[in-house]
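Working notes for the structure below.
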Amino acid sequence: MRIAVAGGTGAVGTMAVAEARARGHEVRVLSRAAGVDLTGPEPLDLVGTEVVVDVLSANVRSAADAIEFFTRTTGALLDAERRSGVGHHVALSIVGIDRAPYDYYAGKLAQEQAVVASGVPWTLLRATQFHEFAEQMLTRARFGPLQLAPRMRTQPVAAHEVAARLVDLAEQPPAGRVPDLAGPREEWLPRMVRACARARGRRMPIPAVSLPGPFGRAMRDGSLLAGPEAVRGAETFDAWLARTRG
């Protein structure tokens, strides 16, 4: 099967590319690092491609920026798919984005809406945060000299399991919105951040803080957790941390 992976040089994209190739598929990487700019003026040629897997991501500063990025890149992919006769678009999204007001989530919702309305047969998978989310907090959740840990209930999942699930879905017919994918158990983000800091050799106090506003409440009240119908991954956060410690 010929599969194109949009965002194929990112964290989960790299894993999806490797997984698809390991299964014998022909994979084309769509990313700036691979010479493909979905925000540029040149139309994308996807002739011969059977499935597009979209795992694009971006650092954005506002809801408007997020909506513009995902609308533009997803639109470019979908336009190329219609022109080239691609029969399946697989998109990765995030659990709870319709229950928590957040700038990045506004972009992901716009992306989902574009896919659903496109006329291209589609599959949509929502996943929870990756285990790497705790490590990201070590660089993002800082206030001056203080390292902080936002209070959040989460069900972190292994990125390689998300990648494998995306390839599974690419190998199957379009299925619309499929069950969410979450980690095997609920975790408390401050514990994860502290454990990650210790594993990386960093010794400092990491107080837990409650973020203000509706999004902060959503982080704490379980709005970002998957429901009972979700598919569960196998690797726990502690197992991931032990595997990546070195």
Side-chain angles (χ1 to χ4, degrees), residues 1-59 69-94 107-108 111-128 130-132 157-181 231 233-235 240 243-244:
M1 180 180 291
R2 292 180 178 177
I3 300 174
V5 180
T9 53
V12 72
T14 300
M15 295 179 188
V17 168
E19 178 71 20
R21 286 175 173 162
R23 299 188 193 187
H25 299 297
E26 181 181 335
V27 182
R28 180 184 177 190
V29 176
L30 306 178
S31 73
R32 287 180 178 176
V36 179
D37 184 2
L38 293 174
T39 64
E42 294 299 322
L44 177 64
D45 183 1
L46 292 175
V47 172
T49 300
E50 296 169 76
V51 184
V52 170
V53 177
D54 183 4
V55 292
L56 282 167
S57 183
N59 293 320
F69 172 81
F70 283 109
T71 299
R72 188 172 182 181
T73 56
T74 302
L77 285 172
L78 294 168
D79 286 346
E81 290 166 31
R82 284 189 291 264
R83 290 195 307 270
S84 304
V86 177
H88 191 185
H89 183 99
V90 179
L92 176 63
S93 193
I94 306 169
K108 295 298 289 182
Q111 178 189 38
E112 291 186 1
Q113 292 161 3
V115 170
V116 171
S118 69
V120 177
W122 55 275
T123 300
L124 174 65
L125 172 68
R126 286 183 176 182
T128 53
F130 305 151
H131 294 316
E132 288 85 353
V157 64
H160 70 86
E161 293 180 332
V162 177
R165 179 64 176 142
L166 288 168
V167 178
D168 289 343
L169 294 170
E171 293 174 335
Q172 299 165 12
R177 172 81 183 272
V178 296
D180 297 341
L181 178 61
V231 174
E235 186 176 49
W240 170 83
R243 178 170 61 83
T244 61

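Hydrogens, waters and symmetry mates play no part in the numbers below; they use all other heavy atoms, side chains included.
Atom CZ of R177 sits about 9.0 Å away from atom CG of L125, to the nearest 0.5 Å. Distance CG/L77 to CG/L46: 7.0 Å, rounded to 0.5 Å. Rounding to the nearest 0.5 angstrom, the gap separating the CZ atom in R165 from the CG atom in L92 is 12.0 Å. Distance check: R21 CZ to I3 CD1 gives 10.5 Å after rounding to the nearest 0.5 Å. Here CD1 of I94 is found 8.0 Å from CZ of F130. Values are rounded to the nearest 0.5 Å. Atoms CD and NE2, from E50 and H25 in turn, are 9.5 Å apart once rounded to the nearest 0.5 Å.
Annotation: side chain of V27 is in contact with side chain of V5 (closest heavy-atom distance under 4.5 Å). At least one side-chain heavy atom of L38 sits under 4.5 Å from a side-chain heavy atom of L56. V55 has its side chain within reach of V12: a pair of non-hydrogen atoms, C-beta onward, lies under 4.5 Å apart.
Across all non-hydrogen atoms, the minimal contact from S31 to G8 is CB-N, 4.4 Å. Nearest heavy-atom pair across T123 and P173 is OG1-O, 4.2 Å. The two residues A114 and T74 come nearest to each other via the heavy atoms CB-CG2, 4.1 Å. The minimum heavy-atom distance between D45 and S84, with the atom names listed, is OD1-OG, 4.0 Å. Heavy atoms only, all atoms of each residue included: S93 and E112 are closest at OG-OE2, 2.5 Å. Residues R83 and P43 come closest through the heavy atom pair NH2-CB, 3.6 Å.
The backbone N or O of G233 lies less than 3.5 Å from no partner atom in the side chain of E161, so there is not a single donor-acceptor pair. Judged by distance alone, with hydrogens and angles left aside, the side-chain atoms of K108 form no donor-acceptor pair with the main-chain N or O of F70 at under 3.5 Å.
S118 and H89 share no side-chain donor-acceptor pair at under 3.5 Å. A side-chain N or O of T39 and one of R32 form a donor-acceptor pair less than 3.5 Å apart.
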Carefully, step by step, assess V162 and V157 under the rule side chain to side chain contact (heavy atoms under 4.5 Å, CB included). CA-CA 8 Å; V162 177; V157 64; 3.7 Å; yes
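None of V53, V36, D37, T49 except one satisfies the side chain to side chain contact (heavy atoms under 4.5 Å, CB included) rule with L30; the exception is V36. A side chain to side chain contact (heavy atoms under 4.5 Å, CB included) with V178 holds for exactly one of L169, L124, V90; it is L169.
Salt-bridge formation is not detected for the pair R126/D180: no Lys NZ or Arg NE/NH1/NH2 atom is positioned less than 4.0 Å from an Asp or Glu carboxylate oxygen. Here E26 pairs with R2 in a salt bridge; the nearest charged N to carboxylate O distance falls below 4.0 Å. Checked for salt-bridge contact, R23 and E171 meet the test: a charged N lies under 4.0 Å from a carboxylate O. Checked for salt-bridge contact, E235 and R243 meet the test: a charged N lies under 4.0 Å from a carboxylate O.
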